[in-house]
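Reckoned from all heavy atoms, side chains included, excluding hydrogens, waters and symmetry mates.
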Amino acid sequence: MHNNPRTDAPWRVLIIGSGFAGLGLAMQLRQAGQEDFLLLEKAGDVGGTWRDNSYPGAACDVPSHLYSFSFEAKHDWSRRFAPQAEIHAYIRQCVEKHGLHAHIRLNSEVLGAAFDAARGIWRVELAGGEVIETQALVSACGQLNRPAYPQLPGLQNFRGEAFHSARWRHDLDLSGKHVAVIGTGASAIQFVPQIQPRVASLSLFQRSAAYVLAKADRAYRPWEIALKRRLPLWQRADRLLQYLHHEGRALAFIRFPWLMRVFRHSFTRHLQRQMPDAGKRAQLQPDYPMGCKRILISNDYFPALAQANVEIVDSPIHEVRERSLLTADGREHPCDVLIYGTGFTATDFLAPMRIRGLDGQDLNQAWKDGAEAYKGISVSGFPNLFLLYGPNTNLGHNSILYMLESQYAYVLGCLRALREQGLRYLDLRPPVQRRYNARLQQATHRTIWEQGCDSWYKTATGKNTNNWPGFTFTYRLMTRTPELADYDCVR
């Protein structure tokens, strides 16, 4: 990637992060004829979560043709649910095709940013001390980029290897090892079946069982790929049908939680078919309403857990020893390798960066009671700052790329207003943010996510900061164009 050290003038737009969110906006900027932008990436390659999560079995749980840009269709996905390497390759292809190399700086970690109100400029500090100036600052860091690690007593005494699934040790051979896996989320259900045949024993430490449904995955046939390539309209129609199918599920998440009973029946049947051991089957029964936490899909998770070298451990970890984990029930579990499948610090948006807005106010302080933003994009007191995949824009039923494309339209509208009206900055009015988030939290209380469980969707105090409590087409309508009356327009 080109290293552009430009220092003569502020950039028009600076984007932090090179995952789907940041690169999609960069593509849209170029298509709109805007070249005055820079994208900063802290790592040595683009791709975001699809660069970081390269663990065995990593794949998407949204259909491939739905989990790709509508304005950059890929006709030759190999499977209905694409594997990580193929998604990462697609992201790189987008960079190449849209000529984004010259706009990207790799190995450029942002430490913080401060807004200069007099000039209407963000001063962005990079690791190493460099400062870059920009009129508009866009965070495309996402919600799932910082691994979460459990605090385990005695961990400093462990003499084996330990790593997070998002930092997979590909150099480490697990053959014949006693492996302990902590966590039963979306990552664990994918890598556990891949490593189970190779390890001597696998102890799966489960805080709560997950709802796992069958995955309707298969390889696309050559004639199907050829048809989509020759008839793009066919692919668009297939994408629309998939979108409508997934969107219909929102009814069970946001309006009528009792509809989850239908999916609960599918889970029970899937578990009974794939887990012959009655004891393990009982351990894999969740004790919370379905949909309250993320619903997972897999065809090989339960069969892997059914194997003789796998133990499901329900008792909490009491202590980590040199080569074992001691649980609260007094049992000691041998462990050569410890793998954290514990997810991400999803509610700590923009952390660990320090963002300071008007009058030096700190964004982390403004969000001390839980992150919130107007339409998930703008935050009062932080002018010309736009968030992609921000607070309350995550989904439980459809493709996040649909939400991102809605946000692109809104952000581009704000950037256009800044340019065409000669504004110094746009600052969201505090009452607008308060009213919006009051209505949003009220809507959230009716959803399945508030039916009695803790999850990464919520803060420690129980505030839902992550999920969108509505239909995606409703969000699309409300983000078509910014209402400048919602902002203080400072010239």
Side-chain angles (χ1 to χ4, degrees), residues 21 49 53 60-62 139 141-150 166 183-189 206-213 246-247 249-257 259-260 263-264 267 286-297 341-351 367-373 375-377 387-404 407 436-472 474-475:
T49 190
N53 288 273
C60 193
D61 58 3
V62 175
S139 169
C141 303
Q143 299 183 9
L144 308 177
N145 65 88
R146 296 179 62 229
Y149 293 88
T184 54
S187 300
I189 71 157
Q206 172 183 269
R207 185 170 59 180
S208 62
Y211 283 100
V212 182
L213 300 177
H246 282 74
E247 192 67 8
R249 299 178 181 179
L251 289 170
F253 284 94
I254 66 174
R255 292 288 178 86
F256 309 111
L259 286 173
M260 280 294 174
F263 298 104
R264 174 71 190 241
F267 159 75
D287 59 358
Y288 54 89
M290 189 171 189
C292 193
K293 298 184 180 183
R294 185 175 178 179
I295 298 174
L296 310 176
I297 54 174
T342 44
F344 302 87
T345 57
T347 59
D348 294 339
F349 295 85
L350 274 69
W367 282 351
K368 65 181 186 302
D369 297 323
E372 61 179 43
K375 301 182 180 181
I377 299 172
L387 312 180
L388 299 177
Y389 196 14
N392 295 107
T393 60
N394 184 62
L395 298 175
H397 67 282
N398 216 324
S399 174
I400 188 60
L401 267 68
Y402 186 90
M403 299 289 278
L404 288 176
Q407 292 165 10
Y436 173 82
N437 281 282
R439 291 194 299 268
L440 184 144
Q441 289 300 321
Q442 186 177 16
T444 296
H445 292 324
R446 299 192 297 267
T447 67
I448 191 67
W449 308 306
E450 297 295 322
Q451 302 303 308
C453 72
D454 296 323
S455 70
W456 61 263
Y457 304 145
K458 299 190 288 187
T459 65
T461 59
K463 180 179 179 179
N464 185 335
T465 59
N466 290 70
N467 282 4
W468 168 244
F471 295 101
T472 62
T474 303
Y475 186 80

### Query
Between atom CD of E450 and atom CD1 of I448, what is the distance when rounded to the nearest 0.5 Å?
10.5 Å
### Query
With distance as the sole criterion, is a donor-acceptor pair present between the side chains of Y475 and Q407 under 3.5 Å?
yes
### Query
Under 4.5 Å between any side-chain heavy atoms of W449 and I254, yes or no?
yes
### R146 atom CZ: more than 12 heavy-atom contacts under 6.0 Å
yes
### Message
Any donor-acceptor pair under 3.5 Å linking the side-chain atoms of K458 with those of T465?
### Response
no
### Query
After noting the C-alpha distance and the side-chain angles of T472 and E247, does the key distance pass the side chain to side chain donor-acceptor pair (under 3.5 Å) rule?
CA-CA 7 Å; T472 62; E247 192 67 8; 2.8 Å; yes
#### Entry: For H246, side chain to side chain donor-acceptor pair (under 3.5 Å) partners two or more places apart
none
### Task
Apply side chain to side chain donor-acceptor pair (under 3.5 Å) to S455 and list each qualifying residue two or more places apart in sequence or on a separate chain.
none
### Message
Once rounded to the nearest 0.5 Å, what's the spacing between atom CD1 of I377 and atom CG of L388?
### Response
7.5 Å
### Query
Atom CG of L401 and atom OH of Y389: how far apart are they, to the nearest 0.5 Å?
10.5 Å
### Query
Does a side-chain heavy-atom distance below 4.5 Å link H397 with I295?
no
### Query
Could you state the interatomic distance from OG1 (T49) to CG (N145), rounded to the nearest 0.5 Å?
8.0 Å
### Summary
Residue set satisfying ring-ring contact (aromatic ring centres under 6.0 Å, His included) with Y211, at least two apart, ordered chain then number -> F267, Y288
### Task
With the side chain counted from C-beta on, respond yes when V62 and I400 share a heavy-atom pair under 4.5 Å apart, and no when they do not.
no
### Query
In terms of side-chain heavy atoms, does Y457 have a donor or acceptor partner in N394 at a distance below 3.5 Å?
no
### Query
Should N466 and F349 count as side-chain neighbours, where that means a heavy-atom distance under 4.5 Å?
yes
### Task
Output yes when D61 and R294 qualify as a salt bridge under the 4.0 Å nitrogen-oxygen rule, no when they do not.
yes
### Task
Could I get the full list of side chain to side chain donor-acceptor pair (under 3.5 Å) partners for E372, not counting sequence neighbours?
Q433, K463
#### Entry: Sequence-distant partners of A166, side chain to side chain contact (heavy atoms under 4.5 Å, CB included), two or more places apart
N53, P147, H164, F344
### Query
Does a side-chain heavy-atom distance below 4.5 Å link R446 with P469?
no
### Query
If every non-hydrogen atom of S399 is compared with every non-hydrogen atom of L395, which pair is closest and at what distance?
O-CD1, 3.5 Å
#### Entry: Pairwise side-chain contact, R255 with F471, heavy-atom cut-off 4.5 Å (strictly under)
yes
## Note on the structure
Between G370 and T459 the two heavy atoms that sit nearest each other are CA-CG2, 4.2 Å
#### Entry: Any residue meeting side chain to side chain donor-acceptor pair (under 3.5 Å) with Q206, in chain and number order, not counting sequence neighbours
D314
### Query
When rounded to the nearest 0.5 angstrom, what distance separates CG in N464 from NE2 in H445?
9.5 Å
